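In what follows, a structure is listed as structure tokens, so that the remarks can point back to it.
Keep in mind the model is a prediction, meaning the values are calculated, not measured. Each chain gets a letter, A, B and so on, in the order the sequences are listed, and its residues count up from 1.
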Amino acid sequence: MSDAILQRYHRQSRRNALLVGVLALAALAALLLDLVTGPAGLPLADTLRALTGGEVTRGTQVIVWDVRLPVACMALLVGAALALAGAEMQTVLENPLAEPFTLGVSSSAALGAAVAIVLGLTVPGLPPVWSVSGNAFLFALGALGLLQLLGRIRGGGPEVLILFGVALNFTAAALLSLLQFVASADALQQLVFWTMGSLASAQWPGVVLIGVVLVVAVPFSFRAAWKLTALRLGEDQAKSFGVDVTGLRRWTLLRVSLLAASAVSMVGVIGFVGLAGPHIARMLVGENHRVFLPASLLTGALVMSLASTLSKTLVPGVLLPVGLVTSLIGLPIFFALILRGRRR
Amino acid sequence: MTLTRPLLAALALIASFGSAVADVVATDILGRVVHLPEPARHIVLGEGRHLTVLGLIHDDPVSLVTGWRLDKALDEPTMQAYREKFPDIDEIRPVGSGNRDISAEAIIALHPDLVVLTLIDQGDPGMEVARQQIEAAGIPVAYVDFFSHPQENSIPSLQILGKLIGAEERAEEFADFYEARLARIRDRLAAPDITRPRVFFHVHAAPQSCCSTVGTGVFHDFITTAGGQNIGNDTVKGVLGNVSLEYLIGADPDVYIATGGTHMAVRGGLVLGSGVDADTAQASFDKLISAPGFSSLRAVEEGRVAGVWHLFNDSPVHIALIEYLAKTFHPDLFQDVDPAATLAEINARFLPVTVPGTWWVTPEQ
């Protein structure tokens with residue numbers, strides 16, 4: 001009997017490891033696809049030659065290295081960060097709806113961006129190109145900091161955190177509307193586009209920044225994987241395994257704050273990925289966080305990378321805001337997955 | 001990145017050596033020096049409407065333009081008028097990327113020899129990134145401005161374009177024409193005892209949902225130059241803002257000016273401009289000033305009221321609008337000034353294409 005269970009476990013582990021591998025390959029393929037598509041219609045050979053350092057014209061060189069590559073890398077990393085943040089949030093808050101959006105991180109970031117765009121208030125000393133991102137980052141981080149603080153006052157249970165998160169969301173949204181109301185037409189337009197999410201102004205320093213955040217956060221995430229798996233069985237269960245649930249929640253939220261804030265501040269409000277990425281991963285590999293977390297990260301990267309490609313190819317010559325693409329294209333797939341999952 | 005940076009720096013250095021012998025050097029409206037090896041022949045316009053500005057100084061502006069940001073390109077009647085003379089206008093490639101952004105990739109792929117951006121684009125982070133990428137590909141970028149500060153910048157901008165396309169003489173000719181007309185207005189308004197009427201400028205005018213007006217910027221400058229006081233400036237901070245009908249009635253302006261265009265047809269507002277006949281313009285204007293609230297304004301009762309085309313901005317042709325406003329504000333001082341004749345002269349002497357339309361309207365006598 002126990003042998004059979006063990007065998008099934010091993011079989012499932014192998015299957016999950018394989019799935020994670022497939023996801024990684026798919027994400028890599030999506031990145032390549034993103035790199036070889038664009039309005040310039042460069043021949044594939046030229047693009048590949050530029051990528052491998054071969055002889056190409058200066059224009060091609062700039063298109064591939066300065067225009068496409070930062071955008072493609074940014075898409076991949078932002079998707080990874082958002083989905084990983086969403087996955088961990090859903091676990092520590094014991095709520096399948098938790099994600100940077102529902103907890104007010106995205107609207108706070110948008111509020112920060114609005115303060116820069118509309119009021120011109122920015123972090124002193126920051127170069128103008130970074131003023132909007134800088135503000136968005138500070139506000140997003142501030143929102144999650146406030147959430148932690150309020151949660152600690154009221155005991156830090158998951159319901160309390162979620163309620164505070166929702167309240168923060170509405171507060172930021174109301175203040176954002178107020179700023180939109182007083183904004184000049186030009187500023188308003190800039191702000192509206194920012195809130196739709198855009199990869200167009202991705203630059204290397206931003207890519208590096210979010211890369212560094214991921215490199216720092218991911219090992220901690222993966223190290224906490226078994227504790228998170230235990231927490232998924234319920235708070236009491238986790239405590240009986242000796243997990244310091246309050247500490248786990250605090251550290252996870254800190255990590256998640258950094259991931260979500262840096263992602264949102266770079267590209268604006270991106271819906272869907274933080275919520276649905278983890279759910280898709282869960283449907284594929286289940287609840288064991290040792291595979292669930294990497295699978296979420298890779299799903300997010302894959303979805304964003306595909307969205308990035310679609311955003312420039314759906315309407316030729318127009319770069320659709322990527323936040324719209326993730327939601328409008330991603331949601332039907334998500335619906336289908338949920339329906340299929342229920343039938344099984 | 002670590003490898004490309006020094007490479008780009010080296011290329012920039014080589015480019016700057018090359019520029020020492022460049023034929024074309026101009027300082028753009030931001031004070032940036034722009035070098036071209038020869039006058040530009042393949043231009044990408046960040047602002048599609050600037051095609052007609054190029055038309056002021058070149059007989060075939062369409063042949064100069066390889067790409068343009070399409071969302072704000074020419075309105076349909078203007079397009080049609082240009083298309084009849086220059087069928088190649090449909091070959092101009094769109095380089096837009098959404099509403100305000102441009103696609104650096106699409107521009108670089110067109111291999112233009114010059115990209116012309118407008119002052120509003122400066123400071124927009126997305127546009128800054130695109131500009132850096134375009135310049136990194138070795139394509140010069142020049143900023144001009146016919147919109148944000150039309151009076152200070154229009155003629156210098158036209159001269160910059162003149163230099164960059166090798167049409168300096170034509171640009172000078174237009175500059176002389178423009179400045180003579182502007183000087184006539186300024187000279188006559190120089191006397192300190194002239195009373196400047198209080199003007200309400202109702203932009204995108206429609207009888208319902210009164211009223212968008214202008215605080216600063218383009219139209220405010222036009223009003224001031226034409227010898228009026230913009231009362232919107234007291235209440236509206238920034239370029240555009242809303243006031244209520246009650247405010248308008250309470251403010252009791254001496255002159256009421258409405259702006260409109262074909263875009264106002266769907267909103268039941270003032271329709272005039274390119275492709276609009278005089279009867280249509282008159283009917284929509286009459287409907288506007290006979291609407292409740294507007295009809296009881298003192299300015300309307302005294303007949304000190306007019307409708308003007310909104311899209312006079314973004315081209316130095318706005319000199320005709322300034323003349324029109326001056327004449328409306330100070331009929332005695334500018335009796336001999338004929339803005340319609342000014343427009344006709346611009347069409348005859350400078351522009352390659354005459355667009356039909358109705359540009360202003362007053363109450364029926």
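- In the displayed structure, B:Arg93 atom CZ is contacted under 6.0 Å by at most 12 heavy atoms of other residues, nucleotides or ligands.
- B:Val129 approaches A:Ala202 most closely through the heavy-atom pair CG1-O, 4.5 Å.
- Applying the salt bridge (charged side-chain N to carboxylate O under 4.0 Å, His left out) rule to pairs touching residues 318-330 of chain A yields nothing, sequence neighbours excluded.
- A distance of 11.0 Å separates CD in A:Gln61 from CD1 in B:Ile108, rounded to the nearest 0.5 Å.
- When all heavy atoms of B:Ala109 and A:Ala40 are compared, the pair lying nearest together is CB-CB, 3.3 Å.
- Closest of all the heavy-atom pairs between B:Gln132 and A:Gln203 is OE1-OE1, 4.0 Å.
- Distance check, rounded to the nearest 0.5 Å: CD1 of A:Ile63 to CD1 of B:Ile107 gives 10.5 Å.
- Ranked by heavy-atom pairs under 4.5 Å with chain A, the list B:Gly241, B:Gly138, B:Ala130 is led by B:Gly138.
- Considering every non-hydrogen atom in both A:Gly59 and B:Ala137, the closest pair reads CA-CB, 4.3 Å.
- Of all the heavy atoms in A:Thr37 and B:Glu105, the pair that sits closest is O-OE2, 4.5 Å.
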